[in-house]
Novice: 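Let me give you the structure first, and then I'll get to my questions.
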Amino acid sequence: MKLREIVESLGLEVKCCGDRLDREVTGAYASDLLSDVMAKSKAGDVWITLQTHMNIIAVAALNDLAGIILVNGREPEEATLKKADDEGIVIMVSKEPTFEVAGKLYEMGLRGGHGAG
Amino acid sequence: MGLVEIRADLHIHTSLSPCSDTWRMTPRAIVERARGLELGMIAVCDHNSMRNVEAVQRAARGSGVVVLPGMEITSWEEVHILGIFQALEGAWAMQAFVDENLPGENIPEVFGYQVLMDENDEIVGSEDRLLAGATTLKVEEVVEAIHRFGGLAIASHVDREGFGIIGQLGWIPETLSLDALEVSWAMTRPEARQRFPEISKWPLLRSSDAHSPEEIGRAWTRLLVSQGTWAELKMALKGEDGRRVLGGS
């Protein structure tokens, strides 16, 4: 599935790098502890979080994440947007909280693939 | 001026922190324990408040224990940052700024009691603000404000996942001008350096983060200074004029 389908289906507002919505999404991860995201997320994941500090961009770049969905209508900080633009990381904003966003992505067929096994 | 070695425990909570051992973590108990451990310098750092600092300072008069005014501020990202101030006035200015940016009201039965005491351990009031909560201040704003009000900004327990800056933000942002990092009692400084090599760029303090009297001094830092003052602590962190941070407990 492509980022574009997620943006359209969930009605997300794209804050950065709308020219990269053809990126293929292969999974998803939801967490607000950046150290945890660095350790557990996988390349191709779309990341659901409420953190807006600019470190989220480097985490996404480091793990080659497909994009970041900020929840609860949280606005990315200016420094974050600038860094996202530099790194080409897609930032999307949902008005809904994490649980709803994750549930909708799950319904669309996305899986985390991070089970205990 | 000759230099001497003093023991410093720069992160101690009081009855004001909701998570503390409320009825035992009193100004006099703190001073008594610090004196027994021969701590030359302590900093009182309650969550988002410095309103019990003065009581501990008064209780410490004549004890030989220097009490620095401090506060452990929770940033919007839920990172804990210690502000340790040169003067009470600076700490009050920081308090006013934190008060303006700290939403919520405490529910004592849920989060714990937030008790204000005087130097004789008499209860003088309780704090209604939600000290367990996070401010709406970005971590950069917290550090900037601490400096503006004449304080040293120290990232708390950087080795802890929850509320530690590395756990919350993945690593220490280059944009932050921290004066030092604190390693928690749970880990020695060499262990912390091995696990998080990046922290070696900052002076490392080790403190107890005590929430009960017994926990005071479970970790401390030895400082080589001319006397136990905030200015000397600052010089030690900067390594000026022979002042420096030595090993810890």
Side-chain angles (χ1 to χ4, degrees), chain A residues 15-16 28-43 45-91 93 97-99 114, chain B residues 73-81 101 103-104 132-146 153 155-178 181-184 186-187 191-202:
Chain A
K15 290 284 184 180
C16 182
Y29 196 70
S31 175
D32 303 316
L33 208 54
L34 273 62
S35 53
D36 170 65
V37 178
M38 286 165 75
K40 295 284 175 61
S41 66
K42 292 177 179 165
D45 280 354
V46 66
W47 172 22
I48 310 163
T49 184
L50 47 68
Q51 290 279 10
T52 58
H53 191 273
M54 70 176 187
N55 274 15
I56 62 174
I57 304 304
V59 169
L62 193 72
N63 283 15
D64 191 25
L65 304 183
I68 303 171
I69 301 177
L70 301 178
V71 297
N72 290 348
R74 295 224 181 194
E75 286 293 321
E77 290 152 42
E78 211 167 293
T80 306
L81 277 180
K82 191 184 170 304
K83 199 154 174 28
D85 193 47
D86 291 346
E87 301 278 345
I89 300 293
V90 180
I91 298 186
V93 177
T98 297
F99 183 81
H114 302 278
Chain B
I73 300 133
T74 306
S75 78
W76 187 84
E77 302 87 353
E78 305 208 344
V79 171
H80 283 177
I81 301 286
N101 294 285
T135 66
T136 53
L137 302 168
K138 309 279 165 22
V139 65
E140 284 84 0
E141 294 177 281
V142 171
V143 171
E144 192 271 326
I146 290 170
S156 303
H157 40 66
V158 294
D159 52 304
R160 259 183 57 189
E161 191 169 70
F163 301 113
I165 191 163
I166 298 174
Q168 297 293 137
L169 293 179
W171 62 91
I172 299 165
E174 289 159 20
T175 46
L176 277 189
S177 51
L178 292 164
L181 308 180
E182 175 199 279
V183 172
S184 83
M187 201 178 274
E191 280 167 356
R193 277 196 198 94
Q194 194 168 19
R195 183 129 173 241
F196 309 100
E198 62 176 302
I199 67 175
S200 300
K201 285 187 273 182
W202 285 270

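Here is how names work: the chains are called A, B, and so on, in the same order as the sequence lines, proteins then strands, and each is numbered from 1.
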Novice: For B/Arg195, look at atom CZ and say whether over 12 heavy atoms of other residues, nucleotides or ligands are found less than 6.0 Å away.
Specialist: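 12 or below, so no.
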Novice: Shorter than 4.5 Å, heavy atoms on both sides: which option in A/Leu34, A/Val59, A/Leu50 has the most such pairs with chain B?
Specialist: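 Highest number of pairs under 4.5 Å: A/Leu34.
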Novice: Donor-acceptor pair, A/Asn55 side chain versus B/Gly170 backbone, under 3.5 Å?
Specialist: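 No: the side chain of A/Asn55 does not pair with the backbone of B/Gly170.
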Novice: Got a second to check how far A/Glu77's CD is from B/Trp76's CH2, nearest 0.5 Å?
Specialist: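 Answer rounded to 0.5 Å: 6.5 Å.
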Novice: Taking A/His53 as the fixed residue, which of B/Gln168, B/Lys138, B/Glu140 is the one that meets the side-chain contact (heavy atoms from CB on, under 4.5 Å) rule?
Specialist: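 Going through the options one by one, the only one that passes is B/Glu140.
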Novice: Could you tell me which portion of A/Ala79 (side chain, backbone, both or neither) has an atom closer than 4.5 angstrom to a non-hydrogen atom of chain B?
Specialist: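 Neither part.
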Novice: Could you tell me whether A/Glu75 atom CD has more than 12 heavy atoms of other residues or ligands within 6.0 Å of it?
Specialist: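 Above 12, so yes.
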Novice: What are the two closest non-hydrogen atoms of A/Ser35 and B/Gly167, and how far apart are they?
Specialist: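 Closest approach of A/Ser35 to B/Gly167: OG-O, 2.8 Å.
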Novice: Heavy-atom distances under 4.5 Å only: say whether B/Leu169 touches chain A with side chain, backbone, both or neither.
Specialist: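 B/Leu169 touches chain A through backbone and side-chain heavy atoms alike.
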